[in-house]
Structures are given as structure tokens and as C-alpha cells.
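Notes to accompany the following structure.
What you see is a predicted model; the values in this text were computed from it and never measured.
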Amino acid sequence: MDKKPSPRKAPDFCSLRYGLALIMHFSNFTMITQRVSLSIAIIAMVNSTQPRGGLPNASTEGPLAGTLANPSRPIREFNTGASVYEWSPETQGIILSSISYGIIVTLIPSGYLAGVLGAKQMLGAGLLASSLLTLFTPLAADFGVILVIVIRTIQGMAQGMAWTGQFTIWAKWAPPLERSKLTSIAGSGAAFGSFIILCVGGLISQALGWPFIFYIFGGIGCVCCLLWFTVIYDDPTHHPCISVHEREHIVASLAHQSSSPRRSVPVKAMARCLPLWAIFTGFFSHFWLCTIIITYLPTYISSVLHVNIRDSGVLSSLPFIAASSCTILGGQLADFLLSRKLLRLITVRKLFSSLGLLLPSLCAVALPFVASSYVTTIILLILIPGTSNLCDSGFIINTLDVAPRYASFLMGISRGFGLIAGIISSTATGFLISQDFVSGWRNVFFLSAAVNMFGMFFYITFGQAEIQDWAKEKTITRL
């Protein structure tokens, strides 16, 4: 009797789907470095005439109106020949936040279009546009601050297209028992990119000049685009290089999912779906604390631990290598628990979501009480993003479980909730620490822990892992 090959014995790390995960890791690495590059470069762009005791991003310029009237007036040449501009703190805030507004604009529509038109073209176009705009940023700075804001906003729109399109690809490429591993490998590129840009961004600026931060990481993005359009396909059934064994393994594991194109989005059913709101709440809570860490970590380290800017940049990068490692390890552990049938899918999702929200909250609450200890503070700051990224095996990929047909669309909405949380938390943090530095930081961390606890309990109560009725394909039987 002929025996069919077992789908579970398909190639693992040497398979095409893991190659896709690595390329997507590279794409996420590229996008986050392009996003954070201005946060590093802006110190050299505006800070070179600042007294030694001044704030890192302080400017000698007057009000915002004066800046807009003559926005890109070089005050002197940096030692590498790069221009330095008189941009007020208000102007810098507008420039740095403009990319977030661009991302919000395209998150939902790009998630829908990726499912209809194909994620390969959508994501590739977004990555290419972001890379080209990164290359032109130094030139835009010479033309004026308005053009920089416009470019950063459009770049945010391009990155919004790229972020959400990924889940449409995984809905067709990732077997259910490998989703945590594959998405964690891909997603860890963002944390690794944050680590690299914080480590080398200052060195590049000092050695070559701040424009080369944009030239190097914009060029890397263009190389990544070549790989993307050459290797990536929307569907494994149409990939010319995939083995028959791997194709059969993926198709068999996803046989219960709908593969037909959708005609409409059941918005009303989604709005009434508590498991979806549990995912949205998880994103909101997760991004609240993560945004504070990404935005204010260098400031917190330099002001609380009283270290210089160079050491602050190196220390600020350490939490993100921990985050990258925890993302991959968490995905491996989650799929191990599922493949061995030690825990049910919903139990794994709730376990990793709870750990990813509870552990960083405990670390954040402890921070104000250990501020006098240099080593303990650094350890806690490393643990916050590291443990927080355990959520990547929880509610972060839960849309693939409850509604794989609409994964990209729902991921766009989810990230929209996260970005809104980031805008609110960063604004609230600036307000609280401006009132009183010591009590302000304590209130920031306590508030973040409270938001995380709310998200954790809401997800534990209402989270599910079964495909929802409105997300199933409707079959019509003809008599």
C-alpha cells in the first residue's frame, strides 16, 4: 500500500517559508531603522551649538513661527561638513511625530487592499517608497522644514502599507502550528533594527556626518526591495521554487481556511465581536508602554542615571536586543507547546499575552524605587521591552486565528489602536514629567502598569482563538 508523506515532516528551517520569514525580518529591520534614523540624526542636526549642559535636543532658536519663516537656516557646518539647522523643540516634535500620523492614515485601507490586490505588491511598494524618501531626507532638510514634514508623513503612509500587508502573506504561508515561530522571526526585525540604529547611528553621524545615516539605511532598504520582489510570492501554490512536499504541507495545514477572495468586509459583525475588541485592547495597552520606552528611554537614562549622550545611546540600545531575542524565543516556545499538544491554542495566546503585559508592568512599577541603583535600573529597563514582546505570540497574531480572511484589515485596525495609545502616552508622559520630574516619572510608570493590567484582564476574559462565524466562507448549495 502506498503511503502519503506526512505533512508534519516538511522541511523546517531550510524551507522556503522560513526564508520568507528572514526576508520579512530584513524588511522590518529596514523600516524601523528608517523610522528611527531621524530621531538619532536630529541631535546632530540641531544640537551642535548647544552648551554642554543643555538638553539633548534643545535649540537656541526662538518660537515656532520664526522657524517656519526661515526653517532651514544653517547656523554652522558640522565637523563632517553637514549642515546644522535652527529648529525649535516644537518644530522637532512636529517632525518626529509626522511619520506616526502618516502610518495611521494608511493602516486600515492598506490592510483591506492588501487582501484584495495582493500583499507582495502592496508591501514591496511601501518599502521602496520609504527607502527612496529616506535617501531624499537630507536634501529635503536643506529646502525647508515643511518639506521634511511632508516627506516624513508620506513615508509613514508607505510604512503603514508595508506593516499591515505582512499578515495577508502569513494567512497563506504559515501553518497554524508554526505561526508563532514564523511571525516572531519576522517581527523581531523591528527590535533588532532599533538596537542597530541606536548603536551605530551616533557613530555614523560622528564619523561621516548625519546625512549618511539616511543614505546607508535608505540604500539598505533598496537592496531589500530587490530581494522582496524577486523571492516573495503571495501564495505558495504559485511560487516557482517551492518544493512539492512543502507546498502540500502548507496547503494541507490550511485546508480548513477560506482561500477565495472576499467581496466585502462585515464591519457590523466585527464591531460586535468581543474577541476582536480584546485584541484591540491588548494592542492599545501594549503600545502604551512600548512607545514610552522607545521615545523617552535615552532621556530617562541620561537624566536619572546621569550618563553622557554617547553612553546613553549604547545603553538605550540594549533593551531592544533583549526584545528581539525574547520575540524569537517566545515564538519557539509557543509553537512547541502547541505542536506537543501541551496546551490549547487559546491557552497559549492568553498565557503569552498575560506574561507580555504583566511582567513589564511589574518592572515599570519597580523602576522609581530603584533609581539609586545603576545596575538594577538598567536590568529593569532591559526586561521591560524584552518581556513585553512575548505578546507577539499572544494577541499580536490572534487575528490569524479568529479571522484569517481579514487578517491584514484587522491588523491595520489593531495597529491603529496601538498608534493612538502611543500618541496619548507620549503626550501624557511629557506633561507629567514637566510638572515634577521625580513624581512625574513615578506617575508615568504607575499609569502604564494600570493600562497594561486593564488590557490583560480584558483579553483574558473575552479573547478567543476559534474562527468567528462572520469570518467563515459562506457556501451556497444548489439543488
Side-chain angles (χ1 to χ4, degrees), residues 100 103-104 107 163-164 167 180 183-184 187 190-191 270-271 273-297 319-320 322-323 326-327 330 334 346-367 380-381 383-402 410-432 441-465:
S100 296
I103 293 175
I104 291 177
L107 275 177
W163 286 119
T164 54
F167 274 69
S180 296
T183 56
S184 63
M270 290 178 177
C273 182
L274 281 176
L276 276 187
W277 283 105
I279 295 173
F280 299 155
T281 305
F283 266 86
F284 187 91
S285 304
H286 175 69
F287 273 74
W288 182 285
L289 181 56
C290 287
T291 303
I292 293 175
I293 294 299
I294 292 174
T295 306
Y296 287 95
L297 184 58
F320 296 101
C326 286
T327 300
I346 184 57
T347 306
V348 170
R349 295 289 181 251
K350 290 185 177 182
L351 172 63
F352 281 84
S353 298
S354 300
L355 292 175
L357 292 172
L358 176 61
L359 295 180
S361 299
L362 295 176
C363 294
V365 169
L367 269 175
L380 291 177
L381 289 174
L383 288 175
I384 287 177
T387 55
S388 181
N389 274 27
L390 293 174
C391 291
D392 283 17
S393 298
F395 57 79
I396 298 292
I397 61 171
N398 199 194
T399 54
L400 287 172
D401 304 319
V402 299
L410 293 174
M411 178 53 62
I413 298 177
S414 300
R415 286 192 174 273
F417 274 90
L419 287 171
I420 292 172
I423 292 172
I424 297 174
S425 66
S426 57
T427 303
T429 299
F431 174 77
L432 290 172
W441 276 116
R442 183 173 63 248
N443 293 334
V444 165
F445 293 131
F446 285 179
L447 178 60
S448 299
V451 172
N452 271 15
M453 289 301 94
F454 174 77
M456 184 186 74
F457 286 119
F458 195 91
Y459 184 78
I460 290 175
T461 304
F462 299 108
Q464 293 184 14

TODO: Calculate, to the nearest 0.5 Å, the distance between atoms OG1 and CH2 belonging to Thr429 and Trp441 respectively.
DONE: 6.0 Å

Task: Residue Phe446 excluded, over 12 heavy atoms near CZ under 6.0 Å - done: yes

TODO: Please test Phe352 against Asp392 for side chain to side chain contact (heavy atoms under 4.5 Å, CB included), starting from the C-alpha separation and ending with a verdict.
DONE: CA-CA 8 Å; Phe352 281 84; Asp392 283 17; over 6 Å; no

Task: Euclidean distance, Leu432 CG relative to Arg442 CZ, rounded to 0.5 Å - done: 11.0 Å

Open item on the list: Over 60° means perpendicular and under 30° means parallel, so tell me whether Phe458 and Phe462 are parallel, tilted or perpendicular.
Closed with: tilted

Task: Side chain to side chain, Ile423 and Ile104, heavy atoms closer than 4.5 Å - done: yes

- [ ] Could you tell me the separation between the CG atom of Asp401 and the CZ atom of Phe395, rounded to the nearest 0.5 Å?
- [x] 13.5 Å

Open item on the list: Within this structure, what is the CD1-CG distance for the pair Ile460 and Leu358, rounded to the nearest 0.5 Å?
Closed with: 8.5 Å

TODO: Kindly indicate whether the side chain of Phe287, heavy atoms from C-beta on, has any atom under 4.5 Å from the side chain of Ile420.
DONE: no

Task: Smallest separation among heavy atoms of Gly386 and Cys326, with atom names - done: O-CB, 3.1 Å

Task: Check: Phe417 ring centroid to Trp277 ring centroid under 6.0 Å - done: yes

Open item on the list: To the closest 0.5 Å, what do you measure between CD1 (Ile396) and CG (Leu390)?
Closed with: 11.0 Å

TODO: Kindly determine whether Leu355 and Thr387 satisfy side chain to side chain contact (heavy atoms under 4.5 Å, CB included), including the steps that lead there.
DONE: CA-CA 7 Å; Leu355 292 175; Thr387 55; over 6 Å; no

Task: Check: Pro360 and Asn452 side chains under 4.5 Å, non-hydrogen atoms - done: yes

Task: Non-hydrogen side-chain atoms of Leu357 and Cys391 separated by less than 4.5 Å - done: yes

Open item on the list: Is any side-chain heavy atom of Leu276 closer than 4.5 Å to one of Ile413?
Closed with: no

Task: Ser425 side-chain N/O to Trp288 backbone N/O, donor-acceptor pair under 3.5 Å - done: yes

Open item on the list: So, taking the atom named OG in Ser414 and the one named CG in Leu419, what distance separates them when rounded to the nearest 0.5 Å?
Closed with: 11.0 Å

Open item on the list: With a 4.5 Å cut-off on side-chain heavy atoms, are Ile279 and Thr399 touching?
Closed with: yes

TODO: Could you tell me whether the side chain of Ile384 reaches within less than 4.5 Å of the side chain of Leu289, counting heavy atoms only?
DONE: yes

Task: Side-chain heavy atoms of Ser285 within contact of Met456, under 4.5 Å - done: no

